[in-house]
Amino acid sequence: MSKLHISYNQIHESIRQSVDRYHINDNFKPDLMIAIGGGGFIPARMLRTFLKKTERGNIPIQAIGLSLYEELANAGGEEKPGTQVQKTQWLNFGASHSEISLLGRRILIVDEVDDTRTTLAYAVEELKKDVEAEEVRRGMKPGESKTTFGVFVLHNKLKPKKRDLPEDIMKNYFAAVEMPDQWLVYPWDALDIESHTELANKNA
Ligand code: 5GP
C-alpha cells in the first residue's frame, strides 16, 4: 500500500478549512471534545484553536484510549478473523465531576483517521451507554438529557467500512479530508521531523 506523509502545517490547514466548510462553530457548536488516543490527541488540541470558546471558556478535552486488534473468532466451528476494540483508558472527570458531565452536552469525538470505522463505532456505542447510565442514575429517562454526539476526523478513507455509525451521528460527521485508501504517516510518529516534512511537502 502506498504511503502518504502528512505534515503539521498540512493538518493545521485542513482543520482550519474544514471548520469553515462545515460551519462547525455555527451548526454543531461543540462544548466538550473526547479525543481517542493516541492519534486523536494532537488533532483535538489543534481543532480547539479554531473553535469558539463557550461561556465557560476553552472547550474541555477529555481523553479515551482504544486499541484495535484482530482476533480469531470461532463462529460455528469455523475460524474467522474478527476485529475487537479494547479500552485502554476511559473518561475520568476527577475533581471537576460536578461541572463536567456528559449530560446535555454537545460532544465532539475526535480521532485522526476513519479507516474501517470499527474504533469510532465502538467509541460511540460505549459513550452512549455511559450517557444512558448517567441519565438513569439521575432519575431521567434514556435520551431525556438530549446529549448530542458528533465526530471529527482528520482523514476519512473512502472504502467499504466494517461498521456503520448511527444516523444521528452521521448528521454531525466531519472529515477534514476525504481520501482514497492509503497508509497515512502522521508527523507525531516521525523520529526525524525535517525529513518527514520534506516528504509531506513533495506529496503536496
Ligand atoms: P479503524 O479501522 O477502527 O477506523 O481505525 C483504527 C485505528 O487504526 C486508527 O485510529 C489508527 O490509529 C489506525 N490507522 C488506520 N489507518 C491508518 C493509517 O493510514 N495511518 C496510521 N498511522 N494509522 C492508521
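Each ligand, and each atom within it, is numbered from 1 in the order the structure gives.
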Going by distance alone, is a donor N or O of one side chain under 3.5 Å from an acceptor N or O of the other, for Asn203 and Lys3?
no
Is it true that a side-chain atom of [X] and a backbone atom of [Y] form a donor plus acceptor pair closer than 3.5 Å?
X      : Y      : answer
Thr147 : Gly104 : yes
Lys159 : Pro180 : no
Glu144 : Glu135 : no

Protein contact of [atom] - nearest heavy atom, named by residue and atom, plus distance:
atom                    : value
atom 8 (O) of ligand 1  : Leu68 CD2, 4.6 Å
atom 20 (N) of ligand 1 : Leu184 O, 2.7 Å
atom 24 (C) of ligand 1 : Trp183 CH2, 3.3 Å
atom 11 (C) of ligand 1 : Glu112 OE2, 3.5 Å
atom 14 (N) of ligand 1 : Val113 CG1, 3.7 Å

Determine whether the side chain, the backbone, both or neither of [X] has a heavy atom under 4.0 Å from any heavy atom of ligand 1.
X      : answer
Thr119 : both
Gln182 : backbone
Val85  : neither
His155 : neither

Residues Lys87, Glu126: salt bridge by 4.0 Å N-O rule:
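Looking at Lys87 and Glu126, the cut-off is met.
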Salt bridge or not for Asp31 and Arg106, using N-O below 4.0 Å?
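Between Arg106 and Asp31 there is no salt bridge, as every charged N stays at least 4.0 Å from the carboxylate O atoms.
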4.0 Å protein heavy-atom contact status of atom 5 (O) of ligand 1, strictly under
yes
Contact (N/O only, under 3.5 Å) between Asp115 and ligand 1
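Such a contact does occur with ligand 1.
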Heavy-atom nearest neighbour of atom 2 (O) of ligand 1 within options Thr116, Leu120, Thr118:
Thr116
May I have the step-by-step check of salt bridge (Lys or Arg N to Asp or Glu O under 4.0 Å) for Glu132 and Lys129, ending in yes or no?
CA-CA 5 Å; Glu132 270 198 36; Lys129 275 190 218 160; over 6 Å; no
For Lys157, counting its heavy atoms only, list the atoms of ligand 1 lying under 4.0 Å from any of them.
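Selected atoms, number and element: 16 (N), 17 (C), 18 (C), 19 (O).
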Do the ring centers of Phe50 and His12 come within less than 6.0 Å of each other?
yes
Are Phe174 and Phe152 close enough that their ring centres sit under 6.0 Å apart?
no
